[in-house]
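Note on naming: letters A, B, ... go to the chains in the order of the sequence lines (proteins, then strands), and numbering restarts at 1 for each one.
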There are 2 protein chains.
Amino acid sequence: MKNVADLAGVGVKTVSRVINQERHVSADTIARVMQAAEQLQYQPDVQAGNLRRADRRTDTLGLLVGSVANPFSAAVHRAVEDAAIHRHVAVFASSLDDDPERERASVEAFLRRRVDGLILTTIQPSQAYLGPQLEQGMPVVFVDRRPNGLVADTVLTDNLDGAARATRHLLGAGHRRIAFLGDSGDIYTAKERKRGYLEALRLEGVAPDAELVIENLGEEVQAEAAVNRLLALADPPTAIFSAQNLITIGVITALRAHGASERVALVGFDDVPMASLLSPAVTVIAQDPTAIGAIAARQIFARLDGNAEPAQDFIVPTRLIERGSGEIRPV
Amino acid sequence: MKNVADLAGVGVKTVSRVINQERHVSADTIARVMQAAEQLQYQPDVQAGNLRRADRRTDTLGLLVGSVANPFSAAVHRAVEDAAIHRHVAVFASSLDDDPERERASVEAFLRRRVDGLILTTIQPSQAYLGPQLEQGMPVVFVDRRPNGLVADTVLTDNLDGAARATRHLLGAGHRRIAFLGDSGDIYTAKERKRGYLEALRLEGVAPDAELVIENLGEEVQAEAAVNRLLALADPPTAIFSAQNLITIGVITALRAHGASERVALVGFDDVPMASLLSPAVTVIAQDPTAIGAIAARQIFARLDGNAEPAQDFIVPTRLIERGSGEIRPV
DNA sequence: GTCGCCTCCGACAACGATGTCAGTGTCTAG
DNA sequence: CTAGACACTGACATCGTTGTCGGAGGCGAC
């Protein structure tokens, strides 16, 4: 900036005024400064400005999602980015990988860089460590999973309702032996979805069978193995509710291998890529990651703009997409 | 930092020394400072430090990809993140959307934030505007597309070879009427893939038919329409080479609708999600986005660590995955 | 005892920008 | 002609941190 000022023959403050489009600079001076800035390829340093600026904004956001390579997370990321770009806010994106240590490291990295706000998916047993930041007025929005030990804005899929709906859909097709395949019970969404499954069974008067409930499936191959076990039972399930994306894919693979995909009904939680092109096409409870990201970003910016209402929950509804696999009736 | 110093009863410089683990601080003082920092939940401001620090590093990277929601881009992003996290480097990720204005805005946003390096996918006709940064020693690596008006490290899929291989594969199955479906000829990868297609035809002595070459397909529905047109020709193609991800999906949808998916052969460039679960399963030329991201990050860090060799091209090979659709023989 | 070296520590300037304030010049109303 | 308002400008302090430098004290070698 000093160089620009020297070249234009003005003081640094005047350059600052021109760059920030403040008033009280003559047209002539503006032209000279602009030309000098152009000539020197001057780019202001937002961090340095931020140091002295009154509002202390860095125009930067920290986003922590499951994994930037996961389609659900990627859609959330994209929605956040689209909201941020309009405000000239840049987004730091990190992957959680359901690793508590990564949560800690990422949040710390964000805070050291003085982001204006945080959008977080979490795995640690408690997020109380963010208390000081919240009190200082930093906007924090949790997405996909509810925080513990802290009250803050949270954007959630309606997991309970979606899982119940999936289960009711299968019950409605006449199924009574419906298996539940889910991932680790430590994860908020997994717990909720299992709860929805059990509740729907209860309301219909169907006693849950522990044999049909398999959890802690982290990867596709584990889901495949689980299906293999289920189909080998004396009284195998006639339908499967798969409570997560990758698990659904594992289930499809395993059912195919057994030649059972036209016989055993399947409803998955969270949409699967290419679902409508598979045969049978896959019935799912679709989430709306774009809405989740958009709402989270909107709330962050509302807070930055002064909204000081009490923390709020945003529940994003799911949508049942009937494509075929969920409408198979028991034999 | 001032507060920590006061609380610990030492000077600010001593706090700085403790935080940065410099030598010449007594164990007793270290303990006092650490305790004060803990008590005040002190987080150093990396940007302020960077202002004065000799190396001027912000431990920050700018990454511009096609779209963070696209699986290919997401995999690149993930690979970059994994490399960065080990060096405590945070990544700004942005989406290009093949919009020149977005390229300009994103790069500017990165530069204003003084990132240590750039990993870019570009769309503008020239990247000469980055000349000054390159000269100042900022590492810039281009991924997926070659830059124009600038010599810099570049990581590319072997588009020419991959496209030629796809075409040869179809020729080898006996096809002579092979359609080419690609996106905008303005895009580097599209040009290269078309070149590979034409070259393979030429080497085999097959005259290209302009009727069978359709370009500028940006979205799935356009690809579907193109297939409809192709199948309505007097002498329709017996095979299709689809030069991009989304186009391949559109082709599959359209072939299905015509009941032609078991009759018309298909090879796609870039893998498609769930490809092996479709019927017929989709034969593709798979790219390796993880390798691309990893190589780009490695090169950025090598440059930051002082590597000053001339700019280099990294060509990442493709892999032909035969799954069925590409092995259909002409009737 | 003195010199030199080393450890430990803090005062101060500086990084690149902005907020404050005061100074100059011009215009308008009385 | 003068006072007051307002446009325009730059000097200076400041943001949170680190580089430089010098001072105080301890220790070993001569």
Would you say [N] has OP1 or OP2 under 4.0 Å from some side-chain N or O of [X]?
{"X": "B/Thr14", "N": "C/dC9", "answer": "no"}
{"X": "A/Ser16", "N": "C/dT18", "answer": "yes"}
{"X": "B/Arg56", "N": "C/dG16", "answer": "yes"}

Check every atom of [options] against the side chain of [X] and return the nucleotide holding the closest atom.
{"X": "A/Arg52", "options": "D/dA13, D/dT18, D/dT9", "value": "D/dA13"}
{"X": "A/Leu51", "options": "C/dT18, D/dT17, D/dC15", "value": "D/dC15"}
{"X": "B/Lys13", "options": "C/dA11, C/dG16, C/dG19", "value": "C/dA11"}

Send over the distance from [X] [atom1] to [N] [atom2], rounded to a whole Å.
{"X": "A/Arg113", "N": "D/dG16", "atom1": "CZ", "atom2": "C1'", "value": "16 Å"}
{"X": "B/Arg57", "N": "D/dG19", "atom1": "CZ", "atom2": "C1'", "value": "17 Å"}
{"X": "B/Asp45", "N": "C/dG16", "atom1": "CG", "atom2": "P", "value": "16 Å"}
{"X": "B/Asn3", "N": "D/dT17", "atom1": "CG", "atom2": "C1'", "value": "14 Å"}
{"X": "A/Lys2", "N": "C/dT18", "atom1": "NZ", "atom2": "C1'", "value": "17 Å"}
{"X": "B/Leu111", "N": "C/dA17", "atom1": "CG", "atom2": "P", "value": "13 Å"}
{"X": "A/Met1", "N": "D/dG10", "atom1": "CE", "atom2": "P", "value": "11 Å"}
{"X": "A/Gln47", "N": "C/dT18", "atom1": "CD", "atom2": "C1'", "value": "15 Å"}

Salt bridge check, [Y] against [X]: does any charged N sit closer than 4.0 Å to a carboxylate O?
{"X": "B/Arg145", "Y": "B/Asp186", "value": "no"}
{"X": "B/Asp153", "Y": "B/Arg303", "value": "yes"}
{"X": "A/Asp116", "Y": "A/Arg56", "value": "no"}

Full working for side-chain contact (heavy atoms from CB on, under 4.5 Å) between A/Gln47 and A/Arg113
CA-CA 9 Å; A/Gln47 312 295 355; A/Arg113 288 177 175 81; over 6 Å; no

Please check if atom CD in A/Gln35 has more than 12 non-hydrogen atoms from other residues, nucleotides or ligands closer than 6.0 Å.
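Not buried by this count: 12 neighbours or fewer within 6.0 Å.
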
Within 6.0 Å of CD in B/Gln21, more than 12 heavy atoms from elsewhere
no

Using a heavy-atom cut-off of under 4.0 Å over every strand shown, decide if A/Val46 touches base, sugar-phosphate, or nothing.
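Nothing: the residue A/Val46, judged by heavy atoms under 4.0 Å, touches no strand.
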
Under 4.0 Å between any heavy atoms, over every strand shown, what does A/Asn50 touch: base, sugar-phosphate, or nothing? Just pick one.
nothing

Mapping B/Ala48 and B/Gly11 onto DNA chain C by nearest heavy atom, which one lands closer to the 5' end?
B/Gly11

Of B/Glu22 and A/Arg17, the one whose nearest nucleotide on DNA chain D sits closer to the 5' end is A/Arg17

Look at the rings of A/Phe92 and B/Phe92 and say which category their plane angle falls in: under 30° parallel, 30 to 60° tilted, over 60° perpendicular.
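Geometry flag for B/Phe92 against A/Phe92: parallel rings.
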
Whether the side chain of B/Ser106 engages the backbone of B/Arg102 through a donor-acceptor N/O pair (distance < 3.5 Å, no angle test) should be reported.
yes

If you take any heavy atom closer than 4.0 Å to DNA chain C, which residues from residues 24-39 of chain B end up in contact?
B/His24, B/Val25, B/Ser26, B/Thr29

